[in-house]
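These notes are about the structure you will find just below.
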Amino acid sequence: MPPLIDWEVCTLCGTCADRCPLDVIYLEDDEVVVKFPDECWHCGACRQDCPVEAISIEFPMIMLRV
Amino acid sequence: MNYGQEYRIDSDVAIIGGGTAGLNAAMAVAQKGLSVLVAEKANIYRSGAMGGGIDHFMAYLETGEGWDTRETYLKYVGRVAHGAANLQIHEHVFCEELRDTIERIERIGVSLRNTSTGDFYRTQAMGQPGPYFINFNGKLLKPKMAEEVHRLGCQVLDRLQVTNLLLHDSEMAGFTGFNIRTGDFYVVRAKAIIISTGNTNRMFKTQTGNPFNLWYCPACTGDLHRQAFDAGASMANMEYVRMSIVPKGFSAPGFNAFFGMGGKLINSLGDAFMKNYHSMADRAPRNYVVWGAIQELKEGRGPIYMDCRHLDQKELEHLFSTLGYDKDTLPDFLMKKGYHLSGGLIEMNVSEPMQARPSELCGSGIKIDRNCSSNIPGLFAAGDSADQMGCLHMCTAGGFAAGKHAADYAARINQFKHLDEESIAREKERVFRPLQIKKGTPYWEFEDIVRQITTDHFGPVKTENSLNSALDKLYRLDNDKHYLKAENLHNLMRVHEAMNIQDVAKITANAALARKESRFHPYHYRADYPETDNENFCGLIVVKKRSDGKPETTFEQLYYES
């Protein structure tokens, strides 16, 4: 279910929504929406490019437990 | 939902796919002073196979060592990519460009060297005669290339899904596409077109069941393999089903980093088994390592582990940083699974198969000549979507070469070609139709069926019977395409991707039928022809669409000095 956005820190700049290569993240009505979480490739582009380090990556349970 | 607003653009050269090869091609065209358009399904800052980062660049550097020369390197290519790499093309699109390419990468702001010592950190894996892999921090390589492309004034259309190529009198004339966020429809005319859209992923089942948990980029779905094939382009090296060794649970890259640093695979009995499969053991070419791992798992000696316990602290630190350069989130994953720097055993797995090149030293897809041109006038290919390019070193060098050749071609054409308005209208209707279908099949259900068929019948073991069965089932799916539905523009993109994956699967199965031998085991393992037959099959299976729409295959011999 990655990525995870820290709403306290996020400034709604939209960089993550702009850069996500899998079209997973959207900026909608002044809110960052992780719209297609199952389609995340875990490339980390959103986390790397976030100017305020508001993004962390969460791995689905199956990836960690198998 | 609004969609269908139409835009028309003319550009001397158009590049479809703004990954590594596409952006290097754009730089070359811009430097020749022609107008260039890059059409990219994601965003060029982070799109493509290495958008999130990369840690290795293959090169010989002429340092005076016997192995570090063009001649030894080409011998290595001929040995490791035997029957798939065309050495004349390889020399022309890679070797001739290598020196400038290294300079270009460093000029745009990414150092291939250790910044404190100024030296290259080189490691050896994959059957190399010496340490050809330069380890470097490439986390910003893609954004830096994107900045350079913008600085050069190239026009970029991000979030554009290209849907079909347009021909005029059998020559390339343009293409159509739609913006996956706005629904705008684009008609582009170009004097030359370069395809650089990577290989085909999401075609086989994955280790955790999620089709996006992939070693290679899940956005590369063979869109332009399918479109080029339909336009009449010859394709080669399409029969190979590529795999790697990945961490259990996460299909992430890391093969070069682990084996380059001296990591060894061991089985559950503690045996470093690769010595039983190849004289170079864990430093063997990738396909041998995958083959060895498959045998160990199949014969009950699994699970398998990456053993790095013999590395010292400094080497382990280097390894963990390069793993993160190649896949930003891999160190997080390993930590969350409980592994740490003191060097425990990391459980590994064989990755999902994919339609792609059988070696780092060739490609798979549109068949190119030494000028990166396809058999269709005005259509060029570069990077993983060309049959003779792949991997960062060739995508940067060969992408630039393709840009130069396409620019030279476009400069000789006086005017843009006429487009047939009726076929554009038909295409527009086809593209948006899934948005009007209410009671239909979602893309993922269709795609799951394709993956089940491919995995059952050629993922990776295949025979004439299994391939014919796969083809029968894949062709039967053609009719179901008319009932695919999309409730939004994002899923409209996915519907088109799913159809392309199915079509490329048919091309792959047809090519695999024609290669009545095994090569690069297990990438092309025919259980009915388990041996490599260099007398009859040292070369390319070329697939092309006949006038009746069916694929036909021919064989083209490749020659190597012994």
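Computed from a prediction, not measured in an experiment: that's the story for all the values here. Every heavy atom of this structure was used, including side-chain atoms; hydrogens, water molecules and symmetry mates were not.
- Summarising the local packing, CD of E28(A) is surrounded by more than 12 heavy atoms from other residues, nucleotides or ligands at distances under 6.0 Å.
- Using a 4.5 Å cut-off on side-chain heavy atoms (C-beta onward), D332(B) and F59(A) make contact.
- T208(B) places no side-chain N or O within donor-acceptor distance of the main-chain N or O of I62(A), the cut-off being under 3.5 Å.
- For C40(A), the part sitting under 4.5 Å from any heavy atom of chain B is the backbone (N, CA, C, O) and nothing else.
- Atoms CG and CD, from D328(B) and Q48(A) in turn, are 4.0 Å apart once rounded to the nearest 0.5 Å.
- Per-residue heavy-atom pair counts under 4.5 Å with chain B were compared for S56(A), C46(A), G44(A), and the maximum is reached by G44(A).
- Across every non-hydrogen atom of A49(B) and W41(A), the tightest pair is O-CH2, 3.5 Å.
- Using a 4.5 Å cut-off between heavy atoms, N491(B) contacts chain A through its side chain alone, with no backbone atom that close.
- Looking at M493(B), only its side chain comes within 4.5 Å of chain A, counting heavy atoms on both sides.
- Scanning all heavy atoms of the two residues, the minimum distance from F36(A) to N488(B) falls at CZ-ND2, 4.3 Å.
- Between the CG atom in D49(A) and the OH atom in Y45(B) there is a gap of 10.0 Å [rounded to 0.5 Å].
- The closest donor-acceptor contact from the side chain of R159(B) to the backbone of D18(A) lies under 3.5 Å.
- Of the charged side-chain nitrogens involved, at least one lies within less than 4.0 Å of a carboxylate oxygen, so that R181(B) and D23(A) count as a salt-bridged pair.
- One N or O on the side chain of N210(B) and one on the backbone of D38(A) form a donor-acceptor pair closer than 3.5 Å.
- Looking at every heavy atom in both residues, S47(B) comes nearest to P21(A) through CA-CB, 4.3 Å.
- Of the atoms belonging to K248(B), heavy atoms from both backbone and side chain fall under 4.5 Å from chain A.
- The CG atom of L330(B) sits 11.5 Å away from atom NE2 of H42(A), with the distance rounded to the nearest 0.5 Å.
- For K139(B), the parts lying under 4.5 angstrom from a heavy atom of chain A are both the backbone and the side chain.
- Looking at heavy atoms from C-beta onward, H490(B) lies in side-chain contact with Y26(A) at the 4.5 angstrom threshold.
- Of the atoms belonging to W444(B), not a single heavy atom falls under 4.5 Å from chain A.
- At least one side-chain heavy atom of L64(A) sits less than 4.5 Å from a side-chain heavy atom of F333(B).
- Of all non-hydrogen atoms in R19(A) and R46(B), the two that sit nearest each other are O-CB, 3.8 Å.
- The shortest heavy-atom contact between G249(B) and V66(A) is CA-CG2, 3.7 Å.
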